[in-house]
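Have a look at the structure below before the remarks.
Within every chain, numbering begins at 1; the chains are lettered A, B, ... in the order of the sequence lines, protein sequences first and strands thereafter.
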Amino acid sequence: MTVPGAWYLTLAAVLFTIGAVGLLVRRNVLVMFMCVELMLNAVNLTFVTYARMLDDIGGQSVVFFVLVVAAAEVVVGLGIIVSIFRRRTDATADDASLLRG
Amino acid sequence: MVFVVAALAILVGAFGVILSSNPVHSALMLVMTLFGVAVLFVAQQADFLAAVQVIVYAGAIVVLFLFVIMLLGVDRSENLTVEPLRGQRVAAAIAGALALIEVLFLAGSRWATGARSSAGTASGPGSNVEKLARSLFTRYLLAFEATSVLLVIAVVGAVVLAQRNRADDASLGTSTVTEPSPEPVPSPDSAPAGHSLGSGTEPAVDQPAAGAA
Amino acid sequence: MAGFPYLTSLVVVPAVGAAAVAVVPRDRDEVVRAVGLVASLAALVVGVVMLVQFDGGLGSFQMVSHHRWIPDWGISFTLGIDGISVFLVLLSTLLFPIAIAGPTVHRDYKGYVAWMLLLEAGCIGVFLSLDLFLFFLFWEIVLVPMYFLIGGWGYDRRVYAALKFFLFTMVGSGLMLVGILVLVFLHERATGVLTFDLVTLARDQSLAETTAKWVFLAFAASFAIKVPIFPLHTWLPDAHTEAPTGGSVILAGILLKLGTYGFLRFGLYLFPQAVVDLAPLFLTLGVVGIIYGAVVAIVQRDLKRLVAYSSVAHLGFIVVGIFGLSTQGLQGGVLQMVNHGLSTGALFLLVGMIYERRHTRQIAELGGIQKVAPVFAGVFMLVMLSSIGLPGLNGFVGEFLVLIGTFVTHRWWTVVATAGVILAAIYMLWAYQRVFQGKPEGANTVFAEMSWREWAVIAPLLGFIVFLGVYPKPVLDRIQPTVNALVRHVEEHSDYREPAVNRGLVDARSAGAARGAGGVAGAAGNGTGR
Amino acid sequence: MPPLIETPSIDYANFAPELILVVGALLLLTGGTFLRRRRVGSAYAIFTVLTAVAALVSTAFLWHRVSGGHGHAVLGVADAIVVDGYSVFFAVVICTAVVLGALLSDDYLRREGLEGPEFYVLMLLSASGGLLMAAANDLIVVFLGLEILSIALYVMAGYHRRRAQSQEAAIKYFVLGAFSSAFFLYGVALTYGATGSTNLGAIATFLRANTLTEGVFLGGMAFLLVGLGFKVAAVPFHMWTPDVYQGSPTPVTGFMAAAAKAAGFAALLRIFFSTFATNRLDWQPIVWALAVLSLVVGSTLAVVQTDVKRMLAYSSITHAGYVLIGLQAATDRGIAGSLFYLLAYTFMVVGSFAVVTLVGRRGDDSHDLESYRGLARTSPGLALTFTVFLLAQAGVPFTAGFLAKFYVIGAVVESRSYALAIIGMMAAVVATFFYLRVIVVMYMGGDPAAGDAEPA
Amino acid sequence: MLHAAWLIPALPLLGFVVLLLAGRRLGDPAAGWLATLMVAGAFVTTLVVFSGLLGRSGDDRLFVQDLFTWIPAGGLQVQAGFLVDPLSVTMALFVTGIGTLIHLYSIGYMHGDDGYPRFFVYLNLFIFSMLMLVLSSSFLGTFLGWEGVGACSYFLISFWFERPAAPSAGKKAFVTNRVGDFGFMLGMFLIFTTFGSLQYTDVLGHAGSLTHTTAMAIALLLFLGAAGKSAQLPLYVWLPDAMEGPTPVSALIHAATMVTAGVFLMVRINPILAEAGGAATLIAVVGAATALFAATIACAQQDIKKVLAYSTVSQLGYMFLAVGSGAYVAAIFHMVTHAFFKALLFLGAGSVIHGMHDEQDMKRMGGLRKWMPVTSVTFIVAWLAIAGIPPFAGFWSKDDILANAWDKSPILWLVGVVTAGLTAYYMSRQVFLVFFGKERWKETAHARTEPEAEAEPEHEPAAAAGGRDMAAAGAHGEHREFTPHESPPTMTFPLVVLAALAAVGGALSLPFGSFHPLETWLEPVMGDRLHKLSLSGSTQVVYALGTVVLALVGIAIAYLIYLGHRVREESVEPTVLRRAWYVDPLYAAVIERPGRLLASWCAYFLDAKVIDGAVNGVAALVRGGGTRLRAVQSGYVRNYALAVASGAVLLVGYVVVRGGG
């Protein structure tokens with residue numbers, strides 16, 4: 001038997017939510033970034049599920065691009081993180097609060 | 001059955017990411033989620049993507065994460081019981097709860113109302129790779145080409161970010177914003193206003209002066 | 001000469017002058033003065049020639065120059081003049097040379113003159129525009145030069161005053177812009193024609209009554225702030241007091257008129273029924289302004305501030321005249337706009353001269369000047385009496401017409417407004433007493449008489465003050481056809497009917513009895529003595 | 001033997017501007033390697049400007065193509081992009097931003113000791129992403145364009161290596177950008193599920209045939225709005241704006257404010273106005289709320305700023321509100337108004353940041369209002385220029401800013417959202433206050449005796 | 001000949017203009033002579049016009065000369081023109097006539113004053129305005145003159161502007177007059193509303209068609225104006241203060257001409273009054289009350305001019321009593337005779353003041369008869385005239401009024417008679433104090449009553465009090481050693497002429513017989529509205545004798561007190577009368593002080609705090625909102641992310657709810 005698409009999609013939505021909430025509550029920039037990856041994965045899961053439900057290969061193609069984007073984002077993102085938080089014992093996002101108001 | 005297991009893995013992994021105090025553990029839990037997702041890809045006839053998922057995500061991205069964690073040496077455990085930003089967790093929880101409620105609402109409705117197979121079928125004869133390739137090089141050709149630009153940027157960006165640190169280190173010694181903090185960074189809400197990244201205020205102020213001199 | 005674009009020239013000449021001044025080297029004040037004077041006087045000459053060409057018998061727009069501009073939006077560059085605007089334009093062309101050449105400017109004369117000329121172009125543009133968009137454009141642009149004039153050449157609290165002036169006015173303009181757009185688009189919806197043309201919009205009258213009321217209020221907000229109508233007046237004392245002398249002259253002489261002119265041209269013309277319905281509100285506010293402005297003026301300690309509050313009172317009369325919707329009231333209102341420009345302009349010039357000599361505007365620090373400078377005091381007295389509304393001087397004619405016309409249509413408001421005449425005497429005479437009478441002491445014992453330059457500046461104003469008081473007929477005759485047309489327009493598009501007595505169509509002598517017995521038919525608030 | 005896959009025929013002319021930018025960037029990158037560490041003067045900047053100008057020239061041809069004899073839009077590369085007046089318009093706007101940004105950067109980079117071709121490479125590539133967004137006829141292309149644009153900007157924001165603020169801007173921009181991208185992407189996913197395609201043309205066709213009231217589709221729309229709202233800095237997705245604008249190197253800020261916002265709006269307008277036209281009643285209230293919030297929050301917060309750069313950042317939020325007003329009207333006139341607004345805004349904002357760059361001096365630190373005190377005396381030309389830009393932003397007549405406001409307000413009045421129009425005008429008043437404040441300091445702050453009389 | 005009417009006001013106007021431009025060059029006394037010449041010319045012209053009018057038959061004595069349209073506005077067409085009829089010519093005659101005399105007098109009186117040319121500038125302007133007032137062909141023209149004379153009165157009262165009291169008095173006069181003008185203006189508005197015109201010929205010719213109420217309203221409003229100008233209750237307060245002006249001014253403006261403008265106006269509108277029955281009664285009552293009220297005050301004043309001022313108020317009351325009784329001719333009659341003798345009294349007083357070196361306190365005079373023979377003789381003539389002793393002019397006119405008042409109401413008559421007695425008393429008191437008795441000006445300074453006696457109203461309490469004290473002190477010290485002297489001929493000549501007129505002026509209208517030239521002359525103006533006495537001639541004589549007896553009693557009492565010293569002077573001059581029934585302090589407490597408090601409250605609380613406070617409050621609100629919102633912009637990236645997430649949740653929530661799931 002096939003699991004209904006709705007289950008997948010709900011799972012993806014929950015995963016997306018977890019990722020989003022995670023980004024809100026974690027201070028470590030790297031972990032926050034991982035949460036973004038969680039969200040992207042949720043999106044990917046959604047796409048693939050839709051691809052199956054609609055019997056459309058387009059959904060899978062999109063995932064491919066998302067992966068590329070995720071990779072590029074990681075490269076640059078981690079580059080930024082490295083350049084800022086090098087030789088720091090923790091990469092706390094809250095420290096970046098020079099600009100405010 | 002596969003779905004349940006994979007879903008469990010995904011959720012446990014996801015919660016693991018956000019609940020592990022140690023970033024390394026988070027990264028490992030992320031891998032678990034990624035694998036779960038890959039399994040579900042397979043379960044939905046996206047074989048190629050499942051492979052890519054494992055290779056790119058687990059193989060490249062997470063490794064990169066771990067590498068950076070090690071490089072920065074920020075693998076110290078984060079104290080998760082403290083939240084310096086007042087109200088942040090409560091608000092996040094409320095937002096999350098609302099989001100879940102909305103998801104439940106959505107779950108009751110029709111999820112997939114779209115037209116079927118507008119970019120070619122996913123099932124039926126032919127391998128998944130072939131169909132994917134056909135779609136990528138026809139309908140998504142431009143997108144495919146555009147990714148090249150993206151990758152160029154990623155490369156240039158990485159080079160810029162890395163190279164200029166080197167240049168700075170060479171020419172300016174250690175007086176950059178990335179200078180290690182001689183003392184523990186005070187927590188944001190107890191710190192006086194205007195403190196910067198690490199001891200960043202200091203170079204930010206004296207650097208232009210040095211340049212002017 | 002018939003084809004000469006007078007109106008366009010009136011706008012362009014000062015603007016070109018401003019540009020010319022802008023390229024003069026900063027330290028060549030005499031060149032700047034020459035260029036500024038030439039430009040503003042050229043505008044004056046154009047204005048006078050235009051007046052000669054002006055057909056006083058016509059009630060409609062004349063010399064209309066019309067060019068397509070933004071066809072997508074039905075916007076055109078349309079200028080035109082009629083009996084209401086012609087004298088306001090002339091007043092502008094008269095006051096600007098005075099403001100440019102008259103007062104002593106202590107810094108950056110070039111900038112001062114450039115802004116002044118730009119301001120002139122803007123003001124004249126407002127008076128001439130027959131396209132709502134164009135009108136709004138000029139209306140708004142006027143703010144900028146005035147802002148810089150107050151802020152750059154003003155007194156101690158100039159920055160505050162300039163900002164207050166700008167923002168206050170902009171609130172109104174914002175509402176008006178929305179109003180204009182609502183009007184235009186509702187008109188399009190009703191007629192299928194998208195146009196900003198004033199005449200077309202006024203003729204079609206396609207707005208529903210309630211809508212028209214709201215749209216009118218949006219316009220009115222802007223005009224009311226500019227006039228200013230109580231309780232939106234508080235920018236005015238600050239702006240007047242802090243502005244340089246020339247700025248005050250223009251502010252009082254021209255800028256305030258933009259508001260009342262707006263009521264006439266855009267309020268009455270576009271929204272007759274709304275104006276008729278809301279007239280009691282505005283009459284009340286106008287009357288309150290008359291009394292309130294005068295009462296507050298009484299206890300002012302700063303001479304300029306006192307004159308500023310007197311403006312609130314005077315403008316109240318104009319508002320009453322406009323919303324009284326009577327031929328006399330409207331004619332008087334228009335005339336009073338000119339009059340107020342002349343006499344209050346002159347007052348500000350004189351106060352400026354006092355400041356030049358004594359470096360104070362505080363009434364308490366002045367005194368006994370009549371002893372030292374009798375001629376100066378005499379001039380001040382004349383202008384003051386004009387401001388009080390002494391018959392034989394210009395102020396009276398306007399005020400009287402406003403009151404007598406409005407009395408017929410809106411009796412009880414007029415009764416209260418007339419009481420303002422008493423208060424005017426109190427604050428003006430008391431101020432005169434404290435500043436000019438008594439024994440001069442201390443620094444007041446030295447007070448130079450008027451110089452030739454000051455005479456040259458003030459003499460034209462004095463001339464008109466007397467002339468318009470004695471023989472206002474040429475002006476009134478040219479205003480009348482337009483006012484008649486306007487009143488007919490209002491009657492045509494509303495349930496208002498002007499009393500016959502105002503109109504003068506019925507032979508007054510024979511009908512006096514009937515009216516005396518039965519009251520004037522159709523007038524609001526009527527019921528002669530019953 | 002026929003190819004295994006029939007790739008669609010590609011008329012490269014259809015995305016010539018993008019191509020020119022990318023090729024220019026690559027040339028610069030390669031060339032830069034050889035020129036490294038030599039005295040290159042303004043060569044990089046000049047090359048960048050030339051590239052952008054070339055792109056602009058190519059847009060002229062495109063313009064001819066889409067507006068000439070054969071009707072309007074031209075679809076290209078398997079319907080992934082569309083060339084129409086709209087996309088050409090944004091190409092012009094963004095390329096203009098590149099020209100201005102490059103001109104601005106040259107002096108700045110040398111002043112700050114940050115020379116190198118990479119900056120310009122990133123700028124060109126980023127611009128190509130913007131162009132892609134504007135021309136995209138596929139949500140995924142929009143997404144890729146968005147990422148190209150953004151990722152380059154992340155790097156550029158942190159380009160000033162010695163300024164902690166610059167670094168902080170980069171990390172904030174990056175974290176939030178990635179976050180919002182995820183939202184956007186999720187929106188794409190839901191829309192895909194609801195309509196069965198990511199192609200905007202296909203979506204539009206589908207929506208015309210089917211009435212969708214399902215939460216999935218509407219949710220997807222909402223998520224798209226979140227992602228794009230973030231890009232255009234609409235409240236409540238604006239919070240990165242002040243920090244990033246303030247922290248980034250000033251030329252980058254100028255470029256970012258112009259190009260990123262234009263690109264964001266390009267996508268927003270195309271997706272919502274053209275594609276989701278059938279569901280207008282669903283998204284109009286949201287846009288209404290976003291517009292009002294942007295206007296109110298942007299202008300209110302700008303009032304209390306003392307840093308000119310930051311003030312301009314908040315003012316850009318207000319400007320976003322105005323463009324949204326045009327979108328809210330959801331009429332041709334409204335969109336035309338929004339487009340005009342963006343064009344005017346580009347010049348105003350780049351110009352403003354140009355002045356800020358010049359005043360900022362070495363270290364890019366002198367952005368406090370105090371740095372502008374008496375500017376009219378020390379450099380009258382600069383002060384006058386800034387005044388013009390500020391007055392234009394305030395919407396004073398005879399400036400493009402006025403016409404822009406007039407058009408959007410007019411459009412929204414036409415569609416009878418009177419409240420929005422009035423809020424817009426009142427926000428303009430508040431906005432005027434802070435623009436005038438700068439002018440006051442420049443012109444009337446000369447003598448310290450009278451300069452302090454700030455109103456309440 | 002009638003076409004010369006425009007010349008009448010034109011000549012003084014010309015004088016005004018010339019003096020304004022060249023007055024200082026002409027100087028003292030040429031400026032004065034020029035001004036006098038102009039007024040004399042006007043007088044001559046008036047005579048010419050008068051003769052022209054006489055040449056016409058009774059009903060044809062109306063001539064309108066319109067120069068140009070002054071104010072054309074729709075239904076309102078106001079002509080600048082002149083209405084020449086018996087009434088206006090009568091007024092013009094005595095205005096120019098007395099005006100000429102007073103100009104002449106001023107040449108001497110003002111000699112040596114700093115503002116000599118200025119004085120004549122004002123004086124000529126005044127004559128012009130007054131002539132406009134009486135000659136204009138429309139209400140508005142009259143109003144022009146009305147306000148003009150008011151302004152001139154202001155100028156002239158505050159002529160010595162360096163004295164603190166003078167400007168205050170001038171201002172008071174102007175403002176009080178404006179209160180009256182308020183009524184005048186409203187009256188005009190109502191006339192326009194009713195008749196559609198302000199031309200006398202249009203309005204008065206159709207007055208018969210007025211409803212009673214409208215007529216009453218118009219009449220009362222115009223009466224308010226008249227009460228202001230003619231110093232009737234309750235607006236009389238400015239006139240006593242107006243004595244701050246030079247004495248010729250008091251004579252010309254505040255006795256002979258301007259103050260009678262109100263009476264003129266009432267007579268002018270007699271067709272309207274005829275329709276407004278109740279109004280006439282009110283006018284009569286106000287007139288009578290004023291007459292009595294002012295007379296009581298006059299009994300206790302020490303200032304030689306103040307007595308005359310209150311006397312003027314009182315006599316004006318008589319005139320209004322006459323108007324109210326419908327005795328318009330009597331009113332005009334009394335106006336003319338009053339102009340003669342009151343001008344004479346003022347000029348005499350001026351002569352005394354001149355001779356006494358600016359001393360005005362009667363208690364410091366006495367026995368001047370020997371030193372100033374001409375002045376004293378003429379003054380005594382005037383005294384007898386005003387006291388109502390036959391055959392002097394005052395007797396006839398006053399008796400005429402009283403007879404008419406009897407017809408109106410015996411109570412009014414009684415008041416009039418009592419006033420007549422009081423008048424005789426206080427005038428005798430003045431004459432005795434000034435010209436008879438001991439030469440008190442020789443007494444030492446310390447014996448004098450102190451400045452308090454002047455009982456001035458206080459306008460600028462601090463400044464004024466100090467200034468006045470100083471002035472008084474200076475004056476005392478100055479003319480310690482002097483002998484009073486008779487005035488120069490330019491001053492005494494007018495006295496003599498006026499004395500002659502005061503003596504025989506009664507011939508204009510002799511009540512008991514059938515010789516009524518004035519009435520016949522004025523008949524075209526009054527028509528059938530003129531009140532016809534119900535009393536027979538012989539009854540009138542009886543009443544008249546009674547009045548004369550009463551007057552003689554008054555004189556006798558004054559003699560007993562002030563020459564016989566049978567009663568202490570102070571006991572018949574109670575403080576309440578000396579302080580004029582405390583009306584000035586009352587007005588200050590009831591109107592002025594609350595008014596000023598209100599103004600201060602408006603300016604410094606309502607305007608500054610409430611209205612402007614609201615404006616600044618909005619600004620503060622925006623600023624406060626900004627500051628509060630700033631806190632949200634915390635600088636923490638996670639906060640920002642929270643905002644994004646919350647926004648997303650809300651948006652999605654909205655669409656989900658909207659889409660119904």
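Here R26(A) is the residue among R52(A), R26(A), M53(A) with the most heavy-atom pairs under 4.5 Å with chain B. Chain A forms the most heavy-atom pairs under 4.5 Å with one residue out of G96(B), A99(B), A43(B), A14(B), and that residue is A14(B). Ranked by heavy-atom pairs shorter than 4.5 Å toward chain A, the options A133(B), A7(B), A6(B) are led by A7(B). Counting heavy-atom pairs closer than 4.5 Å to chain A, the top residue among A60(B), G13(B), S20(B) is S20(B). Interface summary for chain A: among S135(B), G157(B), A146(B), the most heavy-atom pairs under 4.5 angstrom belong to S135(B). Counting heavy-atom pairs closer than 4.5 Å to chain A, the top residue among V155(B), N128(B), I153(B), V4(B) is N128(B). Options A27(B), A91(B), A158(B) differ in how many heavy-atom pairs under 4.5 Å they form with chain A, and the most are formed by A27(B).
Counting only heavy atoms from C-beta outward, the side chains of Y57(B) and L30(B) never approach each other to under 4.5 Å. You'll find the side chain of L132(B) reaches within 4.5 Å of the side chain of I57(A), heavy atoms only.
L66(B) contributes atom CG, which lies 12.5 Å from atom CD1 of I61(B) (distance to the nearest 0.5 angstrom). Taken from CG in L40(A) to CG in L15(A), the straight-line distance is 10.0 Å, to the nearest 0.5 Å.
With a 4.5 angstrom heavy-atom cutoff, Y8(A) touches chain B via backbone and side-chain atoms both. Only the side chain of Q88(B) comes within less than 4.5 Å of a heavy atom of chain A; its backbone N, CA, C and O stay farther away. L104(B) does not touch chain A: none of its heavy atoms, backbone or side chain, sits under 4.5 Å away. For chain B, the nearby parts of T10(A) are the backbone and the side chain; heavy atoms of each come within less than 4.5 Å. With a 4.5 Å cut-off on non-hydrogen atoms, V17(B) touches chain A through its backbone and its side chain both. Contact of A20(A) with chain B is not made at all, since no heavy-atom distance falls under 4.5 Å. The parts of V69(A) that come within reach of chain B are both its backbone and its side chain, each placing non-hydrogen atoms under 4.5 angstrom from that chain. Both the backbone and the side chain of F64(A) come within contact range of chain B, judged by heavy atoms closer than 4.5 Å.
Taking both residues in full, the closest heavy atoms of G5(A) and T49(A) are given as O-CG2, 3.6 Å, listed atom of the first, atom of the second, then distance. Across A12(A) and T46(A), no two heavy atoms sit closer than the pair CB-OG1, 3.3 Å.
Residues of residues 137-144 of chain B having a heavy atom under 4.5 Å from any heavy atom of chain A, listed by number: Y140(B), A143(B), F144(B).
Under the 3.5 Å distance criterion, the side-chain polar atoms of T147(B) are left unmatched by any main-chain donor or acceptor of L150(B).
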